[in-house]
Trainee: 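Input: one structure, supplied below.
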Protein chains: 2
Amino acid sequence: MTAHILHPLVRKLQTVFDLSEKEKEAVLTLPFLVRELKAGQDIVREQDRPSQCCVILDGFAFRYKIFDEGRRQILSFHIPGDIPDLQSLHLEVMDHSLATLVPTRVAFIPHHALQALLHAEPKIAGAFWREALIDASIFREWVGNIGRRPALARLAHVLCEIFTRIRALGLSDDHSFPLPVTQEELADAMGLSTVHVNRMMMELRAGGLIRTPRRAIIIENWEGLKEVGQFDPAYLHIRRSVL
Amino acid sequence: MTAHILHPLVRKLQTVFDLSEKEKEAVLTLPFLVRELKAGQDIVREQDRPSQCCVILDGFAFRYKIFDEGRRQILSFHIPGDIPDLQSLHLEVMDHSLATLVPTRVAFIPHHALQALLHAEPKIAGAFWREALIDASIFREWVGNIGRRPALARLAHVLCEIFTRIRALGLSDDHSFPLPVTQEELADAMGLSTVHVNRMMMELRAGGLIRTPRRAIIIENWEGLKEVGQFDPAYLHIRRSVL
DNA sequence: CGTTAACTTGATAGCATTCAACTAGCGTGG
DNA sequence: CCACGCTAGTTGAATGCTATCAAGTTAACG
């Protein structure tokens, strides 16, 4: 069977609860428009008033804000199946921007179609609620990660999080995963400078915790990395069955 | 007319949309249990599995996590009308704790009653969605505030936010507001040390931006404070009519 | 191969932390 | 009523983590 284009969304929802055939059908018959975006391209911008949401189909995306003097803060990373601008269903104006990290395919789904789906399928509505709340939980963890952890732990923690989320989706079965993120982007995500990220990265490698072949990460010592980053995945609210 | 005990919740919802009499009635007939809590008392703790949500009736509350070696990160402050643990409706296990800042009255409402309300009153369900999404938006702003702003701006920004939220609720009509927060708590909210908060506070006072009579803040120069904190209230998604 | 983006390295500067002590305010009890 | 004691706020000195600046090196790609 060939996978439906919106399959990544179904797969993501299935990590939250078991979809019935009818529910799966309801998701897969959503109207959508696919776009292929290049790396580093904005999908939505701060102050926009979107009339649609976007599903990441493959690739990676991130949300960000620009502060004084061009200082950028990356707010979250997004992987296939995510709907990073789901909030626009209820908040008219974007308070941040969304962009691609690498060449990425996204599907745009009109707000009214999503509203109709959520109205017709309460269980799916619940799953969307859950997703949005997990989103918020991740922000909380980032607040603490940036506010209260030194640079090395901060980096280890971010790597642990990305790996855990990718793995929960079944996109990695060993301890390696694609990380198409430059050190500059990591720096902007962690509130650090590029130079310092580089040094922390080297320290993790020197400690035998990770290896970094081109554009990817191999975790050599998962327990050690978790330890350094004080990583406890509880805040990701991943169902045990998926882990 | 004497105000109903749950009136703070109605007032908060009314800052989001205009409730019909029927909707107002539905909120006010929610079953609840009132508790009077002393200052510095936990309402819910990390790892708890609540079966109810709490509404702040009067007083102040905050969410926090404890990191390595007892380092605390405060994640958000909450004012009357807020439901800081609304997420527990969809996320079983608490990923953080919730505590009072001062003596505070809270109303506990069982999950099932809230579920029933949201099912019966779609507009209220929408308002709750909005609240939860604004919650997340505030976390995003905090990520950037902590990650990308120097201490003085960080402090100014936090003060601007608290003032704006209190004012939007109609709890302050001039430029003063109660701020029952110690410098230690501010420090834990901003990822700074107490000593440094103290110095930044003095700097704001020296600049004629604020005055701090006991347990309160008077903003002497609102434009100036916004400027220092680079404060733009867009992320609070407050309806214009309320501002 | 040339060119550009990403990464690496070294030196210096600075913001914020830590440690330690001291002061002011306030409630409580003798 | 005043003293004690606690909490919150204030101050100074020294340290340190991280930023900044400036080059240099490697890797990717046409």
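Protein chains get the first letters and strands the later ones, always in sequence-line order, with residue 1 at the start of each. Only a predicted model underlies this, so the values are computations on that prediction, with no experimental measurement involved.
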Trainee: Looking just at side-chain N and O atoms, do B/S137 and A/D95 make a donor-acceptor pair shorter than 3.5 Å?
Mentor: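 Present: a donor and an acceptor within the cut-off.
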Trainee: From D/dA8, C/dT17, D/dT10, pick the nucleotide closest to the side chain of B/R199?
Mentor: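 My answer, after comparing the listed nucleotides, is C/dT17.
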Trainee: Check this one for me: any side-chain N or O of B/R154 less than 4.0 Å away from OP1 or OP2 of C/dC15?
Mentor: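 False: B/R154 side-chain N/O out of range (4.0 Å or more) of C/dC15 OP1/OP2.
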Trainee: Compute the bend angle of the helix from C/dC1-D/dG30 to C/dG30-D/dC1 from the end axes (five pairs per end), rounded to 10°.
Mentor: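 Here the local axes at opposite ends form an angle of 40°.
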Trainee: Take atom CE of A/M202 and atom P of C/dG10, then tell me their distance rounded to the nearest Å.
Mentor: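 Result: 8 Å.
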Trainee: Expressed as a whole number of angstroms, how long is the span from A/L192:CG to D/dC17:P?
Mentor: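 Checked: the CG to P distance equals 14 Å.
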Trainee: Can you list the steps and then say if B/L192 with B/R154 is a side chain to side chain contact (heavy atoms under 4.5 Å, CB included)?
Mentor: CA-CA 10 Å; B/L192 293 171; B/R154 219 183 285 186; 3.6 Å; yes
Trainee: Let's see if you can work this out: which of D/dA8, D/dA19, C/dG10 has an atom nearest to the side-chain heavy atoms of A/V195?
Mentor: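 Closest of the options to the side chain of A/V195: C/dG10.
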Trainee: OP1 or OP2 of C/dA5 less than 4.0 angstrom from a side-chain nitrogen or oxygen of A/Q183, does that happen here?
Mentor: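 Checking A/Q183 against C/dA5: no side-chain N or O falls below 4.0 Å of OP1 or OP2.
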Trainee: Under 4.0 Å, heavy atoms only, any strand: does A/G191 hit a base, just the sugar-phosphate, or nothing?
Mentor: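 Result for A/G191 = sugar-phosphate.
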Trainee: For B/T212 and B/R205, which I'm curious about, is there any donor-acceptor pair between the side chains at under 3.5 Å?
Mentor: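 B/R205 and B/T212 do have a side-chain donor-acceptor pair below 3.5 Å.
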Trainee: Assign each of A/M201 and A/R148 to its nearest nucleotide of DNA chain C by heavy atoms, then name whichever residue's nucleotide is nearer the 5' end.
Mentor: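 Result of the comparison: A/M201.
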Trainee: When all nucleic acid strands are considered with a 4.0 Å heavy-atom cut-off, which category describes B/R215: base, sugar-phosphate, or nothing?
Mentor: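 Result for B/R215 = nothing.
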Trainee: Quick one: do the A/H157 and A/E141 side chains pair a donor with an acceptor below 3.5 Å?
Mentor: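 There is such a pair (donor and acceptor under 3.5 Å, judged by atom type) between the side chains of A/H157 and A/E141.
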Trainee: Out of D/dT18, C/dT8, C/dT18, which nucleotide sits closest to the side chain of A/R205?
Mentor: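 Closest of the options to the side chain of A/R205: C/dT8.
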Trainee: Going by distance alone, is a donor N or O of one side chain under 3.5 Å from an acceptor N or O of the other, for B/S76 and B/R63?
Mentor: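 Their side chains do contain a donor-acceptor pair, which is all the 3.5 Å distance test asks for.
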Trainee: Look at the side-chain N and O atoms of B/N198 and state whether any lies under 4.0 Å from the OP1 or OP2 oxygen of D/dG9.
Mentor: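 False: B/N198 side-chain N/O out of range (4.0 Å or more) of D/dG9 OP1/OP2.
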Trainee: Show every side-chain hydrogen bond (donor to acceptor under 3.5 Å, both in side chains) that has at least one partner inside residues 190-202 of chain A, sequence neighbours left out.
Mentor: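 Pairs touching residues 190-202 of chain A that pass the test: A/Q183-A/N198.
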